[in-house]
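The basis for the numbers below is simple: all heavy atoms, side chains too, and nothing from hydrogens, waters or symmetry mates. Because the structure is predicted, anything quoted here is derived from the model rather than measured.
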Amino acid sequence: MSHQVFDMFLKATLATLEMVLSSAVIAVAFGLPLAILLTVTAPGGLWPFPVIRKGLGFIIDLTRAVPFIILLVLVIPVTRFLVGTSLGTAAAIVPISITAIPYFARIAEVSLKEVDPSLIESVRAMGGTRAKVIWSVLLPEAFPGLVTGVTVTLVTLISASAMAGVVGAGGLGDLAIRYGYQRFNTVMMLWVVGILVILTVIFQILGNFIHNIFQNKNSVFLSIIKRAVRST
């Protein structure tokens, strides 16, 4: 592999990581509050409100139902408004984030629902507010599951970033389309696929490692996070 080709792969890989990691941060920042709202407004939740839950759930499911490649085109006006262009890495973050937010919200909702109800009832019985229950029980207890959710989301976003290359988003997907598919360069495409697989494996290994650490209820790291959250 020549130095020029190596630089192309390096820049494309960094662009892909930028898209994936930035979109993942946005997905967690917006998806987690949505998951909390879905959980607390469910029947038997902290604040049962079927109208809000059904309306929000409908919007989330509707967004998830739209194929990503179609979403890329649909949100072009929004992308241009936010970043000034519909091409490039920064522009791709917008549609990738839009598709990632409801995806992570549903995954996080499942983790929050798996929290032992007796813990919630105990805090409520001691006079704990809804906010206290969320910060002291729901989030700390669901943390290992949320880590797994982030891992799954990251792996999914790698595929999304590759598809975004079809519309000139940059990254490894764009490299595969322009220098692999359009030039009938099978070797180039295989290299791209290999790098995408490696990135997926790395994210999965890191996610599993972090999950295993926090899965242990006696973990020092988990205790530190719980104390920090409960002190807020």
Side-chain angles (χ1 to χ4, degrees), residues 11-39 41 49-112 146 148-183 189 192-193 195-197 199-200 203:
K11 291 179 180 179
T13 302
L14 293 177
T16 294
L17 288 174
E18 180 183 351
M19 285 188 283
V20 170
L21 296 178
S22 299
S23 299
V25 170
I26 295 173
V28 173
F30 289 91
L32 185 56
L34 291 177
I36 294 174
L37 189 56
L38 287 170
T39 303
T41 56
F49 210 126
V51 176
I52 291 180
R53 174 177 169 77
K54 289 181 180 178
L56 184 60
F58 174 78
I59 295 174
I60 289 176
D61 292 338
L62 182 63
T63 305
R64 292 177 61 199
V66 179
F68 178 68
I69 195 67
I70 296 177
L71 185 66
L72 277 171
V73 179
L74 288 178
V75 301
I76 284 179
V78 178
T79 302
R80 286 176 177 167
F81 175 77
L82 293 176
V83 299
T85 180
S86 60
L87 301 175
T89 302
I93 293 175
V94 176
I96 295 176
S97 299
I98 292 176
T99 196
I101 290 172
Y103 183 82
F104 178 75
R106 282 302 190 187
I107 295 178
E109 180 192 7
V110 173
S111 298
L112 293 172
L146 294 176
T148 300
V150 172
T151 303
V152 174
T153 301
L154 283 170
V155 172
T156 302
L157 293 184
I158 291 177
S159 299
S161 68
M163 284 189 287
V166 176
V167 293
L172 291 168
D174 180 61
L175 191 66
I177 294 296
R178 289 196 296 136
Y179 294 94
Y181 176 75
Q182 293 179 353
R183 300 187 183 186
M189 295 186 68
V192 171
V193 171
I195 295 174
L196 289 173
V197 170
L199 291 178
T200 299
F203 281 134

* For Val150 and Phe203, run side-chain contact (heavy atoms from CB on, under 4.5 Å): C-alpha distance rounded to whole Å, both residues' side-chain angles, the deciding distance at 0.1 Å, then the answer. => CA-CA 10 Å; Val150 172; Phe203 281 134; over 6 Å; no

* Asked: Mind checking whether Val152 and Tyr103 have side chains closer than 4.5 Å, heavy atoms only?
  -> yes

* Going from CG on Leu21 to CG on Leu14, what distance comes out if it is rounded to the nearest 0.5 angstrom? -> 10.5 Å

* Which value, rounded to the nearest 0.5 Å, describes the distance between Thr41 atom OG1 and Ile36 atom CD1? -> 11.5 Å

* Sub-4.5 Å side-chain heavy-atom contact between Leu17 and Leu199 -> yes

* Nearest heavy-atom neighbours spanning Val28 and Pro33 -> O-CD, 3.8 Å

* Structure fact -> Between Ala100 and Ser23 the two heavy atoms that sit nearest each other are CB-O, 4.5 Å

* Does some side-chain heavy atom of Ile60 sit less than 4.5 Å from a side-chain heavy atom of Leu38? -> yes

* Asked: Minimum heavy-atom separation for Leu32 to Ala108, with atom names?
  -> CD1-CB, 4.3 Å

* What's the shortest heavy-atom distance between Phe104 and Leu146, and which atoms? -> CE1-O, 4.1 Å

* With sequence neighbours left out, write down each residue that passes side chain to side chain contact (heavy atoms under 4.5 Å, CB included) with Ile59, or none if nothing qualifies. => Thr63

* Asked: Looking only at heavy atoms, what is the nearest atom pair of Ala27 and Ile101, with distance?
  -> CA-CG1, 3.8 Å

* Close side-chain approach of Glu109 to Leu34, heavy-atom, < 4.5 Å -> no

* Just wondering, do Ile93 and Thr79 contact through their side chains at under 4.5 Å, heavy atoms? -> no

* Asked: Distance from Ser161 atom OG to Leu196 atom CG, nearest 0.5 Å?
  -> 6.5 Å

* Output the distance between atom CD1 (Ile158) and atom OG1 (Thr16), rounded to the nearest 0.5 Å. => 8.5 Å

* Structure fact -> Partner of Ile69 under side chain to side chain contact (heavy atoms under 4.5 Å, CB included), picked from Val73, Leu72, Leu71, is Leu72

* Given side chains that start at C-beta, do those of Ser111 and Thr148 come closer than 4.5 Å, heavy atoms only? -> no

* Any chance CZ of Phe68 has more than 12 other-residue heavy atoms, nucleotides or ligands included, within less than 6.0 Å? -> yes

